[in-house]
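Step one of this worksheet: look at the structure below.
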Amino acid sequence: MKFASSYEPNQYEADIYAAWEAAGAFNPVVPAVPIDNNSDGIDDRFEKNGRYYSIVMPPPNANGNLHIGHGLTVALEDSLTRYHRLKGESTWYVPGADHAGFETWVVYEKALEKDGHTRFEFSRDELYARVWDFVQMQRGNMELQLRALGASCSWDDLTFTLDENVVDRVYTTFEKMWNDGLIYRGEKLVNFCPKHQTAFADIEVEHKDEKGTLWELAYDDIIVSTTRPETLFGDTAVAVNPEDERYQHLIGKTVHLPLTNREIPIIADEHADPEYGTGAVKITPAHDFDDFEVGNRHNLERIQVISEDGHMINVPEKYEGLTTEECRKQVLKDLKDQGYLKGEKKIVHSVAHCYKCGTVLEPMLKEQWFIDVEKLAKTAIEHLERDEIKFHPENKKRVLINYLKNLKDWNISRQIPWGIAIPMFRKVTAEATDEPDWIFDRRTNLTEIEKSGVTYVRDEDTFDTWFSSSHWPIVCTDWSEENPTPYYPLNVMETGADILFAWVARMIMMGLYVTGEVPFKEVYLHGLVLDEHGQKMSKSKGNVINPMELVAKYGSDAFRLGILRGRSAGMNQAFSENSVVSGRNLCNKLWNISRLIQSIIDEDENEGAPENALSRSINDNGSFTERPSPATAGARERSEKDAFLAPTYTTLNQGEDWICREINDCISQLETDMKEYRFAEAVETLYQTIWDKYADWFLESQKIYRNVPLLKITLEHLLIALHPFAPFLTEAIWQNLSWTDGFIMTAKWPSELNFDPMTAEQFENIRTIVSEIRTTSQALSGTNKSKKYPLLYDNDSLVEDNILLIKTLTRVPDINPLNGAPRGLRLALANHEIYLDVPEQTVKDYKDALTEKILAVGRELDALNLRMSNPNYVERAPEHLVKETRDQIKEKQALIDRLKAQQELI
RNA sequence: GGGGAAUUAGCUCAGCUGGCUAGAGCGUACGAUUCACAUUCGUAAGGUCACAGGUUCAAGCCCUGUAUUCCCCACCA
């Protein structure tokens, strides 16, 4: 006996993972070969759908730790991967690691500061090299954690977002876009973090509502409203709404800009909202997004008055060099002293913050690289509307289309050294007037290049991380123009719903642009994992759950089962340790189920019985007698193609046929659930089949009837079916069982078990009988401390054949034929002549309960009769439903009759 | 302002194409039991499916409206 009395995951998980990895079990069976160009291609494509299954991991931060969201991601993706691998597909789960441009940079810069350095002491290339070393030193935790979670990914193919092939592909795309005129350099306002000294894409900005003040300033005859008085030095106009009666006469005039000696025009623009503040707004094109647009419409000058590090520039000497905050105070004081400040009121407005450090972002005028997204978005929308990608949840497709329709040009420049260098070089030889100002070149390892005698220097900026990650499905599958791989498009892209726009949208645009095909056939988006009260997890709230702690405490499988339960696509849902505990309990249950079966098999072998010995019955005294194979029981041969390792089985009693049926149903249910990405339901189904059916009924019955071959094959089926969700447990059991061979991980998905449906259905009768005996015994016992009563039966072969089983399951002290007149309490639910031999007084005490029961059934019967009395129902409802209702009426009526008979007996 | 979602047992959630006498886990109550498993077994209580209309033979599910909650996008001088 190799099985300990409880499952201890820590004893098995690491070894099992190492054994899988050493055996190369994670690698795709059929390597990605180029599609044969000589053939018409159609057959290859057709074939590929059946044989290849590819999925790529959203790359976790290379030098970070996994959080609960990663835990969910792995649970989902690995379950899919393992399921499809068991189904016999050539499955490729590609792991990844992200250089996490901004995140890592923030961490590194902090470390630099701690050592008393700043980024400005180093060149861009020096910084890049230093962060590279920093990352290499820190790297590895995340990969170990993925292993601990059981991710069956192909480690040989791990893709790091700064790998050479990634950079190559990114440059190729960039070059193509540059040549196609999709890339342009523009001076635009960008959200700029003065602390981190970098710009962000719109999508990275976090807007928060904050209390602020709306000041009213007198610009001569007109009073403007502003929340940022310090930017007045950059004002180049005052705008009023063209419809606004109050200001009609002022349009076209100029006003004096306080604290300066400048005059600025009053212009008419829709942007000014007559309802808001005074209806007149100062226009600062260099420091406000709306004003920038207004400035463009009216050809206004852009005066930059705030530097990138947040200090005042191009302002009167008095204010020069102040921080924006200091300047605001000073300006307000001066305005007040000089009588320009006419009022102030408190307001709430939303302010852009750096999502990393919380610093208020400064709109900053910068020259940046942009992608003209119009065509890309349009193409993506076309393919989406053609339903080339199936979304889970479905509604996200419309959300995505809506986003793409309103997408603005994409700023891809970042002023962070840690990233892929933008392969663009700026002309510095002034006299070379015919040459373009910017040229594309891949040699980003050089800071300066020369072409036809002209010198160019490399742009210092790096790519927005989403620009490179939008290539993820392409680079992970090694797709190329020359060798399109059958693993592209991916079968599914699984990721967080929160990065639908940032990532999924861009992968689709980029995939189509580069390959002409959508990058994946389906998208599964998971929601946020919330704490047990439905609150977002955050460090400040202290409610963060570390997945690795749960894995250490309860095992990887328990965590995976726990996090999948009660979770559906796209929803933010609560999670608590409880669900992991219940996962752990299932693991332990299955462990003990296997332990019991192994012990039966060990006994069987010790007795030297032939391997495919037929079942035996246990006698009252505990000894076994051989049961003859009843010809009428419809013995079923196990067909060749079903054969795993256990020999052919034969079903010999109701419970055995029944469990075959239940396992078949479970597995086909699983197949549907996996196809529809209903993970929680899949787990639920397995839970019920293993626990409520296999253990509670079938195994209990096998304590009497021992069918060794059937025990083997049914256990194999359940283990394989659970493997995608609980890989370690099922492998540990598989390795401990005496008759199994190889890895369960690479076993074959079970095919159908043969059984006799009629016999299987009879077992439902037995279950009903047993349940009613249990219920009634408990109800009768009441104050009587669960006293058990003997069971009597009259001329009933089902009961007679299963005396021992019923006795075991109900713990009634005795089951005997009823000799003579009926006595005791007749059990009515099951249509069998059975009685609990209860003293008369106890039966009388039960009478009220019985009356209640009759009334309840009567109400059900009334409802059914009402339905049938409606001619429209009989006419219009499907025939099988009407028939069903008729049958139910018959049944209920019979039940009432039986209950009444029971009552009369008392 | 635009878009999306949720509302079902004390809690967390299922309920798919309308057929429901609405389910599960956890929790609660009562009971059992010591060689597969106390990480166990049995039984039970617990619901006006947010509200109001409508469609239908039939509505938790479809339609209209209302309320509450959450998320995303845009705006907020």
Side-chain angles (χ1 to χ4, degrees), chain A residues 3 5-7 202-203 207 209 212 214-215 224-228 231 238-239 271-273 276-284 288-291 347-351 393 395-396 398-399 402-403 406 497-498 500-501 527-528 530 532-534 554 558 565-568 570-576 578-579 581-582 584-600 672-673 676 678 680-681 684 687-688 695-696 699-700 703 771 774-775 777-779 781-782 785-786 809-811 856 859-860 863-864 867 870-878 880-882 884-885 888:
Chain A
F3 286 96
S5 70
S6 67
Y7 175 57
D202 298 343
I203 200 130
H207 289 274
D209 277 348
L214 188 65
W215 285 282
V224 300
S225 307
T226 183
T227 52
R228 302 205 59 187
T231 63
V238 171
H271 167 61
D273 176 1
Y276 194 92
T278 60
V281 51
K282 67 194 219 40
I283 301 298
T284 324
D288 181 280
F289 287 95
D290 291 318
D291 294 2
I347 54 155
V348 173
H349 61 152
S350 111
V351 180
N395 69 295
K396 294 290 181 190
R398 253 181 307 145
V399 176
N402 195 45
Y403 168 79
N406 300 306
D498 53 333
L500 174 65
F501 298 154
L528 288 181
L530 307 173
E532 57 183 321
H533 306 294
Y554 298 106
R565 293 196 95 184
R567 203 160 291 280
S568 42
M571 300 238 294
N572 299 344
Q573 282 161 317
F575 171 69
S576 76
N578 262 345
S579 62
V581 170
S582 96
R584 187 268 318 259
N585 293 354
L586 178 71
C587 291
N588 192 57
K589 186 74 186 179
L590 188 58
W591 178 262
N592 275 291
I593 286 170
S594 307
R595 181 156 81 114
L596 172 66
I597 291 175
Q598 183 64 59
S599 75
I600 290 173
T672 313
D673 288 340
E676 303 291 327
R678 291 198 286 257
E681 284 87 339
E684 210 59 52
Y687 233 88
Q688 268 177 28
D696 289 352
L699 280 189
E700 288 305 320
K703 286 177 178 169
S771 293
R774 283 170 174 170
T775 313
S777 302
Q778 293 236 356
S781 67
K785 267 237 152 186
S786 88
L809 293 172
T810 60
R811 296 174 192 280
R859 281 191 294 270
E860 287 170 20
L864 290 170
R867 194 182 297 171
N870 181 345
N872 285 324
Y873 174 72
V874 183
E875 234 169 81
R876 299 192 200 176
H880 73 273
L881 281 171
V882 179
E884 199 177 283
T885 310
Q888 278 173 350

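The shown structure was predicted, so the numbers you read here are calculated from the model rather than taken from an experiment. Chain identifiers are assigned alphabetically (A, B, ...) following the order of the sequence lines, protein sequences preceding nucleic acid strands; residue numbering begins at 1 within each chain.
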Less than 4.5 Å apart, side chain to side chain, heavy atoms only: is that true for [X] and [Y]?
X: A:Val281; Y: A:Val224; value: no
X: A:Lys703; Y: A:Leu596; value: yes
X: A:Thr672; Y: A:Glu681; value: no

Rounded to whole angstrom units, what separation is found between the [atom1] atom of [X] and the [atom2] atom of [N]?
X: A:Ile600; N: B:C35; atom1: CD1; atom2: C1'; result: 13 Å
X: A:Asp209; N: B:C72; atom1: CG; atom2: P; result: 12 Å
X: A:Arg565; N: B:U12; atom1: CZ; atom2: C1'; result: 11 Å
X: A:Lys396; N: B:A5; atom1: NZ; atom2: P; result: 8 Å
X: A:Leu500; N: B:A5; atom1: CG; atom2: C1'; result: 14 Å
X: A:Phe289; N: B:A74; atom1: CZ; atom2: C1'; result: 13 Å
X: A:His207; N: B:G1; atom1: NE2; atom2: C1'; result: 15 Å
X: A:Asn588; N: B:C37; atom1: CG; atom2: C1'; result: 6 Å

[X] side chain: which of [options] is closest?
X: A:Pro878; options: B:A6, B:G19, B:A24; value: B:G19
X: A:Gln573; options: B:A14, B:U43, B:G25; value: B:A14
X: A:Gln688; options: B:A24, B:A36, B:U21; value: B:A24
X: A:Asn592; options: B:A36, B:C71, B:C13; value: B:A36
X: A:Met571; options: B:C37, B:A6, B:C26; value: B:A6
X: A:Leu596; options: B:G42, B:G3, B:A36; value: B:A36

Tell me what [X] touches on the nucleic acid: a base, only sugar-phosphate, or nothing, going by heavy atoms under 4.0 Å.
X: A:Asp696; value: sugar-phosphate
X: A:Glu684; value: sugar-phosphate
X: A:Phe501; value: sugar-phosphate
X: A:Leu864; value: nothing
X: A:Arg859; value: nothing
X: A:Glu532; value: sugar-phosphate
X: A:Arg867; value: sugar-phosphate
X: A:Arg584; value: base
X: A:Glu676; value: nothing
X: A:Lys282; value: nothing
X: A:Ala877; value: base
X: A:Ser594; value: nothing

Is a donor-acceptor contact shorter than 3.5 angstrom present between the side chain of [X] and the base of [N]?
X: A:Arg678; N: B:C16; value: yes
X: A:Lys703; N: B:A36; value: yes
X: A:Gln778; N: B:A32; value: no

> For B:G10, what is the paired nucleotide under Watson-Crick or G-U wobble rules, both distances under 3.5 Å?
Replying inline: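 Across all strands, the one nucleotide that pairs with B:G10 is B:C26.
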> Nearest heavy-atom pair of A:Arg567 and A:Ala680: which atoms, and what distance?
Replying inline: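 Nearest heavy atoms, A:Arg567 then A:Ala680: O-CB, 3.5 Å.
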>> Can you see whether A:Arg595 engages A:Asn592 through a side-chain donor-acceptor pair at a distance of less than 3.5 angstrom?
In response: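 There is such a pair between these side chains.
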> Does A:Ala574 or A:Asn872 map to a spot on RNA chain B nearer the 5' end, using the closest nucleotide for each?
Replying inline: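 The 5'-side residue here is A:Ala574.
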> Where each residue is assigned the nucleotide of RNA chain B containing its nearest heavy atom, which of A:Leu530 and A:Leu881 is assigned the position nearer the 5′ end?
Replying inline: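 The 5'-side residue here is A:Leu530.
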> More than 12 foreign heavy atoms under 6.0 Å from CZ of A:Arg774: is that the case here?
Replying inline: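 Yes - once you tally the heavy atoms of other residues, nucleotides and ligands closer than 6.0 Å, there are more than 12.
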> What orientation do A:Phe3 and A:Trp591 show, parallel under 30°, tilted 30 to 60°, or perpendicular over 60°?
Replying inline: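 The rings of A:Phe3 and A:Trp591 stand perpendicular, inter-plane angle above 60°.
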